[in-house]
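This report concerns only the one structure given below.
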Amino acid sequence: MLPWSETLAPLPVLIPLLAASVTLVLGRRPRTQRFTAVLALSAALAVSIVLLYLADRDGTTAIQVGGWDSPIGITLVVDRLSAMMLVVSSIVLLAVIVYAVGQGIRDGTDQQPTSIFAPTYLVLSAGISNAFLAGDLFNLFVGFEILLAASFVLLTLGASGDRVRAGVGYVMVSMVSSLIFLVGIAFAYAATGTLNLAQLAARLDDVPTGTRTAIFAVLLVAFGIKAAVFPLSNWLPDSYPTAPAPVTAVFAGLLTKVGVYAIIRTHSLLFPGGELDNVLLVAGLLTMLVGIFGAIAQSDIKRLLSFTLVSHIGYMMFGIALSTEAGLAGAVFYVAHHILVQTTLFLVVGLIERQAGSSSLRRLGGLAAASPLLGILFLIPALNLGGIPPFSGFIGKVFLLQAGASEASSLAWILVAGGTVTSLLTLYVMARVWTKAFWRSRADAPEGDLADNAPSALIDESFDVSFHRRMDVGRMPVFMIIPTVVLVGTGVAMTVFAGPIIGISDRAANDLQDRSIYIDAVLGPGWTEMSGARK
C-alpha cells in the first residue's frame, strides 16, 4: 500500500483536470458549473494542505507515474518547497474563482463567455500544480505549456481589441520563452543523457564547467522571461492590465511565481556552484529599481501594480542569488507573501472599478468616504506590500536584507541598499494611490466627472459617461467582497503565524541546500553516497 503522500501527490493536477472536463460538459448549466469548479478547487486546497503537513513531517516524497521507475517514467516530487507553493497557490485559485463567481452572477448574460471561463481556469490550475510537482525538465515544460494555452484563452476573453493585442504579445513572448526552454532541455539531454532532475543533478557534476554554465544561462533566460526579471520583463505591464479583474489577479499572483519557482529549483538542485550568481544579483537589483520607477510614472492603478509586481520579483532574485540557506529561506517566504498580497491588491482594484467606474488615478477620489470597507481592503495589503511593520512584507524584506548583510560582499551590500530604496519607493507609490483615490475629493480629480458606463466584465463593453449617469452606481457583489476579505485576512495571518511559516521556509531552504535529500528520494535511499555525487 502506498504512503499517503504518494497517493495524494497527483491529485492537485488530476482534480482540476477532471473538473475541467465536467464543467465543459455543464456549459449550459452555469450554477452547477460554478459549484463544480469551486468544489474542485476546495478539494485541491485540502489535498495541498495535507501534502504540506506530510512533507514537513516526513520529508521529500517521489511518486513514479504509471509504474515506470525513475528516471524513465514521469516523476512527481513533493517536498517542503513544492508543497508550500501548492498550498499558497490553491488558496489564491480558490479565492479568485469565488470572486469570479460573484462577478459572473452579477454580470453573466447571454453575451458573456462564462461557460468557457471555468474549464479554462481549472486547466490553468492543473498546469500550475504540475509545474510545482514536476520531477523532470520536460514535465516542467509541459506544465508551462498548459499555463500558456489556458492563460491565452483567459487573457483574450471577450475578444476586445486591447485584449487581443495584449494576448498576441503575451503569446509571442511566451512562445519565445518556450522555444528557449526547449533549447535548454536539448542541451541538458545532450550533455547528460537524462531529463530527470535528480539524475541531472548527479550527472551535471561531471559536465565541464563551461558547458554547465551555458546550459544554466539558457534555462535562466527562459525562466527569467516567465518570471519577468529585468531586462526580460517589458511584456508584463502591457499584458496583464487589459484582462478581466479575476484573470489579472491570478496572473499577477501566480504566473510569474511559477518562473521564480523554476529558477529556485534549477539553481539549487542542478547548478549550485554559483557561476551566475553575480549576474542574478545585478538582474535582481535592476528588476527592483526599474520596476518601481516604472510604477511611479503610472496613472492607472492596474499598470502601477503591474510594475510593482516586476519590482518585487527582484527581492526573490536577491535571495536566490545569495546561494545561502538564509537567502533561500527569505526568498521562499517572500514568494508566499507576494502571491497573497499582489493577488489581493488586484482583486481590490476590481472592486474599485465597480465602486468608482475607473482604475485611473485621474478619475478617482473620495473612495474612503464612499466605501470605508473598500478603503480598509486596500490599505492593509498596500501597507503589507510597502513593508510596514509588523506585516509579512516587512518580515520578508528584513529576512532578505539580513541574509544579504551576512554575505558581506560589496554587491550584496549594494542589493541591501537597493532593496531598502525600493521598499521606501513602494510605500510612496501606495501612499500616492491612497491620497489620490481614497483621500481627496473626486471633484478635485482632473477627470473626476468621467467614468465607465458599467463595470468591466468578461466582455469589456464600457465607454465613457458622466460619473453620475453610470448604469451601476457603486454596488459591490458580496461574493466579490468575501474572497477579497479572506485574502486580506490570510495576508495578516502570515504576520500572526510568521514563526511557523518561517520555520517551514527554513526547513525548505535546508532541503534545497542539501541536494542528497531530493536525489535519494527520487532515485532511492543512499543513492548519493553509492554514486559519489556531490551533495
Side-chain angles (χ1 to χ4, degrees), residues 85 89 120 123-124 126-132 134 136-156 164-190 195 197 200 213-243 247-248 250-267 270-271 276 279-280 283-284 286-287 290-291 306-307 309-314 316-317 320-321 335 339:
M85 293 299 100
S89 63
T120 309
V123 170
L124 180 81
I128 291 170
S129 298
N130 186 72
F132 289 147
D136 63 83
L137 274 183
F138 190 77
N139 197 28
L140 180 60
F141 172 79
V142 170
F144 279 129
E145 292 310 290
I146 295 172
L147 290 177
L148 172 61
S151 58
F152 176 65
V153 175
L154 294 173
L155 195 63
T156 55
V164 171
R165 281 191 293 271
V168 169
Y170 171 79
V171 167
M172 293 301 294
V173 170
S174 296
M175 289 180 67
V176 170
S177 173
S178 297
L179 181 60
I180 296 171
F181 190 6
L182 273 179
V183 171
I185 289 172
F187 285 171
Y189 188 79
L195 294 178
L197 290 176
L200 267 172
T213 303
I215 296 171
F216 188 28
V218 173
L219 293 176
L220 267 185
V221 172
F223 299 148
I225 294 174
K226 297 181 185 298
V229 177
F230 183 84
L232 308 170
S233 58
N234 291 342
W235 60 272
L236 190 150
D238 293 327
S239 299
Y240 286 5
T242 63
V247 176
T248 304
V250 79
F251 278 23
L254 286 178
L255 295 198
T256 53
K257 308 311 182 301
V258 178
V260 172
Y261 169 83
I263 293 175
I264 293 175
R265 181 66 73 191
T266 53
H267 179 273
L270 305 183
F271 308 101
L276 297 178
V279 174
L280 271 178
L286 293 176
T287 302
V290 172
S306 295
F307 276 99
L309 166 61
V310 172
S311 176
H312 286 245
I313 295 294
M316 303 166 207
M317 294 302 104
I320 296 167
V335 168
I339 288 173

Only distances under 3.5 Å count here; give the side-chain donor-acceptor pairs of residues 145-155 to other protein atoms, sequence neighbours excluded, each with its distance to 0.1 Å.
| residue | atom | partner | partner atom | Å |
| --- | --- | --- | --- | --- |
| E145 | OE2 | S178 | OG | 2.5 |
| S151 | OG | L147 | O | 2.6 |
| S151 | OG | L148 | O | 3.1 |
| S151 | OG | Y170 | OH | 2.9 |

Rounded distance (nearest 0.5 Å) linking atom [atom1] of [X] with atom [atom2] of [Y]:
X: L179; Y: I225; atom1: CG; atom2: CD1; answer: 10.0 Å
X: S306; Y: W235; atom1: OG; atom2: CH2; answer: 9.5 Å
X: T266; Y: L137; atom1: OG1; atom2: CG; answer: 8.0 Å
X: F181; Y: F138; atom1: CZ; atom2: CZ; answer: 9.5 Å
X: I313; Y: L309; atom1: CD1; atom2: CG; answer: 5.5 Å

Taking only distance into account, with no hydrogens and no angle test, what donor-acceptor pairs under 3.5 Å do side-chain atoms of residues 250-265 form with protein atoms, sequence neighbours excluded?
| residue | atom | partner | partner atom | Å |
| --- | --- | --- | --- | --- |
| K257 | NZ | A252 | O | 3.3 |
| K257 | NZ | G253 | O | 3.4 |
| K257 | NZ | H338 | ND1 | 3.2 |
| Y261 | OH | F132 | O | 2.7 |
| Y261 | OH | R265 | NE | 3.2 |
| Y261 | OH | R265 | NH2 | 2.9 |
| R265 | NH1 | D79 | OD2 | 2.8 |
| R265 | NH2 | D79 | OD1 | 3.0 |
| R265 | NH2 | D79 | OD2 | 3.1 |

Ring centre gap for F141 and F144 strictly below 6.0 Å: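 Ring centroids of F141 and F144 are no less than 6.0 Å from each other.
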
Note, F271 side chain near L220 side chain (heavy atom, < 4.5 Å):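 Side chain of F271 against side chain of L220, heavy atoms only: no contact under 4.5 Å found.
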
side-chain contact (heavy atoms from CB on, under 4.5 Å) between L140 and F223, worked out: CA-CA 11 Å; L140 180 60; F223 299 148; 4.0 Å; yes

Atom of A228, atom of V310 and distance for their closest heavy-atom approach: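 A228 and V310 have their closest heavy atoms at O-CG1, 3.8 Å.
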
For the student: nearest non-hydrogen atoms of H267 and I320, plus distance: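 Taking H267 first and I320 second, the nearest heavy atoms are CE1-O, 3.4 Å.
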
Partner of I185 under side chain to side chain contact (heavy atoms under 4.5 Å, CB included), chosen from D136, I180, L195: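 Option passing the side chain to side chain contact (heavy atoms under 4.5 Å, CB included) with I185: L195.
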
Qualifying residues under side-chain hydrogen bond (donor to acceptor under 3.5 Å, both in side chains), relative to N130, sequence neighbours excluded: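 Once residues adjacent in sequence are excluded, the partners of N130 under the side-chain hydrogen bond (donor to acceptor under 3.5 Å, both in side chains) criterion are N139.
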
N/O donor-acceptor pair under 3.5 Å between S177 side chain and A222 backbone: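 Answer holds: yes.
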
